[in-house]
*Asks:* 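Before we start, here is the structure in question, set down as structure tokens.
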Amino acid sequence: MKPERMTMLIRLNRYIANSGITSRRKSEEFILQGRVSVNNKVVTDLAYKVDDEKDRVMVDEEKIHPKKHLYFLLNKPKGVVTTTDDEKQRKTVVDLIKTKERIYPVGRLDYNTTGVLLLTNDGEFSNLLTHPGNKIPREYEVKIDNPLAEEDRIKLLKGVSLDGRNAVFIKVFINDSSRKNVKVVAVEGRNHFVKKMFGALGYTVLKLNRKKFAGVKADIPLGAYRKLTRIEVEGIYKQYAK
Ligand code: URA
């Protein structure tokens, strides 16, 4: 599969900061001071967006070279660790993706959890999606050991105590008559969150698959990966960046 060419419209200050010459805040000062040009025209508008493939951006008349950002969706299979390097030499999620760039996973899925995992080299993107305050939705298919009692379904929605803090799923659907196959949506990513939520009510999670993360679906086979589209990346920034 030929990877899609990723061009993105990004805020000028972010583009400058990506080149490593300075921070985003300082980049804004450079813009206001008239030190930044785009395609040979000075730009002093902080909201200005540049095309990261086509536009020629100069700071103090020197062309800058921002780091190319990569964004992958992996449909994580079982038996793979969510890390960049495993001390026990087990296969990692990064081993499954062919790229020369250093990328890392956005958050984590357990060794035997399957489904949507994003990987990137864009620290800002990763922070955005892992910051608890941003309440990023994560949808899971869960198989549990016993039928989910209706009162427990309500408790999962109203809140259970996890490590001394109240925790909820924002949605809980029963998928079949056995009541052992459940779909849940969480907006927090504490380690083992889904297993702990069910564990708090005496259920054991037998199977866990993340169907969606931040609106991105597992639309490729298990073990496969693809680049996120420009629209997906821009959509995530638009929706969650303050
Ligand atoms: N919650 C879990 O318990 N495990 C995962 O892998 C993801 C969410």
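One-based numbering, in listed order, for ligands and for the atoms of each.
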*Asks:* More than 12 heavy atoms of other residues, nucleotides or ligands under 6.0 Å from NZ of Lys63: is that the case?
*Replies:*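 Yes, because the 6.0 Å sphere around NZ of Lys63 holds more than 12 heavy atoms from other groups.
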
*Asks:* Would you call the rings of Tyr203 and Phe198 parallel, tilted or perpendicular, taking 30° and 60° as the class edges?
*Replies:* perpendicular

*Asks:* Please examine the side chains of Lys211 and Lys217, heavy atoms only from C-beta on, and report whether any two atoms are closer than 4.5 Å.
*Replies:*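 In short, these two side chains do not touch, never coming nearer than 4.5 Å.
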
*Asks:* Who's touching ligand 1 if we go heavy atoms under 4.0 Å?
*Replies:*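 Heavy-atom contacts below 4.0 Å: Leu109, Asp110, Thr113, Tyr140, His192, Phe193, Val194, Lys195, Leu208.
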
*Asks:* Examine the side chains of Asp122 and Thr120 and answer whether a donor and an acceptor come within less than 3.5 Å of each other.
*Replies:*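 Absent: no donor and acceptor within the cut-off.
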
*Asks:* Is there a donor-acceptor contact under 3.5 Å linking the side chains of Asp86 and Thr92?
*Replies:* no

*Asks:* Is the shortest side-chain N to carboxylate O distance from Arg25 to Glu28 below 4.0 Å?
*Replies:*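 Salt bridge flag = no for Glu28 with Arg25.
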
